[in-house]
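Structure, as structure tokens:
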Amino acid sequence: MTRLASIDGVILQPEEAKVSVYDRGFLYGDSVFETIRTYAGEPFALDEHLARLERSAGRVAIPLPLPRADFALEIRRAIRAARNPESYVRAMITRGSGPMGLDTGLAEKALRVVLVEPLQALPATMYRDGVAVTTFKTRRAADEVAQGAKVSNYLTSMMALKEARAAGAHEALILDGSGDVLEGTTSNVFALTQGVLVTPPEEAGILVGITRAHVLEVAGELGIPVRVERLPLETLRSATEVFITSTLREIVPVVRVDGQEIGARVPGRTTRAIHAAFRQKVGLGAEPLPWEKAGD
């Protein structure tokens with residue numbers, strides 16, 4: 001298993017990879033990023049991830065340091081160099097280095113960083129038995145000026161996840177000022193209520209996940225009614241099924257919210273059907289489903 005970094009296209013071992021302390025990503029969280037995973041060694045939905053990275057950069061006025069197609073080649077080169085059975089990648093663009101100060105004009109040149117790590121799958125028991133989540137009410141720093149951008153300032157999410165882990169939960173769901181569920185710290189959320197799959201809309205301030213988009217597509221193919229609309233916490237708690245989605249976790253069933261049991265207290269049929277169809281979509285239809293794997 002190999003970890004490596006690519007900085008401005010130069011592949012380095014982790015101990016050799018260095019970024020200036022005057023880089024604005026370090027000083028101010030002035031950067032955007034994407035998390036990408038591989039299936040059979042190939043980065044999944046790479047074009048979609050890089051399109052979102054470009055949108056994020058545009059929303060915070062960071063100029064892309066190279067064309068998307070060239071950045072895709074750098075990412076593929078780094079993945080090949082790592083030689084992992086499966087990898088996950090963090091692809092980041094910072095505004096660059098310069099004299100200290102909040103003026104974005106002080107940055108000299110955008111910096112690009114690609115970090116490659118061996119992919120570690122979640123235990124099969126989480127898919128088989130489901131997970132617990134907690135809720136965290138807040139107003140996030142990027143809500144007003146960079147809504148929808150995947151920025152590197154994750155302080156609120158880190159504090160929410162810290163509380164969740166202290167409570168023995170796997171994830172924290174972020175609530176807005178009205179008490180509506182928005183998303184997880186690093187995931188999107190879905191609830192099955194009265195036979196309809198509900199997920200919060202982009203205008204609520206969520207990050208529109210790549211896996212979320214594919215789940216919506218899969219649900220349509222399976223004939224499952226879908227509504228993209230606000231999701232009050234009361235609706236989530238009374239749902240028949242709840243699950244979260246993310247690039248690295250795919251689809252994880254939720255069986256408890258703030259200690260309250262959801263539905264039948266076990267992963268539901270709809271969640272598993274969607275997950276199975278998603279695995280077919282990414283080319284893993286012949287492999288055992290995550291909850292079917294023994295020994296975890």
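As the structure is a computational prediction, the values presented were derived from the model and not from experiment.
Within the 4.5 Å cutoff, the side chain of Arg227 has no heavy atoms near those of the Leu197 side chain. Val257 has its side chain within reach of Ile262: a pair of non-hydrogen atoms, C-beta onward, lies under 4.5 Å apart. Between Arg80 and Arg77 the shortest side-chain heavy-atom distance falls below 4.5 Å. When side chains are defined from C-beta on, Leu66 counts as touching Arg112, because their heavy atoms get closer than 4.5 Å. The shortest side-chain heavy-atom distance between Phe243 and His275 does not fall under the 4.5 Å cut-off. The side-chain heavy atoms of Arg24 and Thr94, taken from C-beta on, include no pair separated by under 4.5 Å. Residues Phe71 and Glu74 form a side-chain contact, since some pair of their non-hydrogen atoms from C-beta on lies under 4.5 Å apart. At a threshold of 4.5 Å between non-hydrogen side-chain atoms, the residues Glu292 and Arg128 do not count as touching.
Taking a 4.5 Å side-chain heavy-atom cut-off between Ile, Leu, Val, Met, Phe, Trp and Tyr, the cluster of Leu161 contains only that residue. Residue Ile210 shares its hydrophobic cluster (ILVMFWY side chains chained together at separations under 4.5 Å) with no other residue. Cluster note: Val21 groups with Tyr22, Phe26, Leu27, Tyr28, Met100, Leu102 through ILVMFWY side-chain heavy atoms spaced under 4.5 Å, whether in direct contact or through intervening members.
In this structure, OG1 in Thr211 is found 11.5 Å from CD1 in Ile244, a value given to the nearest 0.5 Å. Taking CG from Asp30 and CD1 from Ile62, the interatomic distance works out to 5.0 Å, rounded to the nearest 0.5 Å. Distance check, rounded to the nearest 0.5 Å: CG of Asp258 to CG of Leu233 gives 6.5 Å.
The minimum heavy-atom distance between Ala164 and Thr134, with the atom names listed, is CB-OG1, 3.2 Å. Counting all heavy atoms, side chain and backbone alike, Asn188 lies closest to Val208 at OD1-C, 4.3 Å. Here the closest non-hydrogen pair linking Gly179 and Leu175 is O-CD2, 4.1 Å. When all heavy atoms of Gly98 and Glu108 are compared, the pair lying nearest together is CA-OE2, 4.1 Å. The heavy-atom pair separating Ala191 from Leu236 by the smallest distance is CB-CD1, 4.0 Å.
With sequence neighbours excluded, the residues satisfying ring-ring contact (aromatic ring centres under 6.0 Å, His included) with Phe33 are Tyr154. Applying the side chain to side chain contact (heavy atoms under 4.5 Å, CB included) test to Gln280 and every residue at least two apart in sequence or in another chain returns nothing. For Ala72, the side chain to side chain contact (heavy atoms under 4.5 Å, CB included) partners are Leu46, Leu50, not counting sequence neighbours. By the side chain to side chain contact (heavy atoms under 4.5 Å, CB included) test, Asp176 is found to be paired with Ser178, Asp180, Leu182, residues two or more places apart in sequence or in another chain being considered. Residues passing the side chain to side chain contact (heavy atoms under 4.5 Å, CB included) test with Ser246, sequence neighbours excluded: Ser187, Arg249.
Residue pairs satisfying the salt bridge (Lys or Arg N to Asp or Glu O under 4.0 Å) criterion with at least one member in residues 208-225, sequence neighbours excluded, are listed as follows: Glu217-Lys281. Residue pairs meeting the side-chain hydrogen bond (donor to acceptor under 3.5 Å, both in side chains) criterion with at least one member in residues 40-49, sequence neighbours excluded, are Glu34-His49, Glu42-Arg76, Glu48-His214. The stretch residues 74-99 participates, sequence neighbours left out, in no ring pair (Phe, Tyr, Trp, His ring centres under 6.0 Å) pair at all. Sorted by first and then second residue, the side-chain hydrogen bond (donor to acceptor under 3.5 Å, both in side chains) pairs involving residues 96-105 (not counting sequence neighbours) form an empty list.
Under a 4.0 Å N-O distance rule, the pair Glu261/Arg256 does not qualify as a salt bridge. The existence of a salt bridge linking Arg37 and Glu86 is excluded, since no basic side-chain nitrogen approaches an acidic carboxylate oxygen closer than 4.0 Å. With salt bridges taken as basic N to acidic carboxylate O contacts below 4.0 Å, one links Glu250 and Arg279.
A perpendicular orientation is assigned to the rings of Tyr39 and Phe44, their planes being inclined by more than 60° (bins at 30° and 60°).
In terms of modelled atom types and a separation under 3.5 Å, the side chain of Ser56 and the main chain of Arg52 share a donor-acceptor contact. Remark: the backbone N or O of Thr2 is paired with a side-chain donor or acceptor of Asn84 at under 3.5 angstrom. A donor-acceptor pair under 3.5 Å is absent between the side-chain atoms of Glu229 and the main chain of Val198, judged by distance alone. Between the side chain of Glu163 and the backbone N or O of Ala160 there is no donor-acceptor pair closer than 3.5 Å. For Thr135 (side chain) and Leu173 (main-chain N/O), no donor-acceptor pair under 3.5 Å exists by modelled atom type.
Residue Val242 forms a side chain to side chain contact (heavy atoms under 4.5 Å, CB included) with just one option from Leu231, Thr193, Val133, Val189, and that option is Val189.
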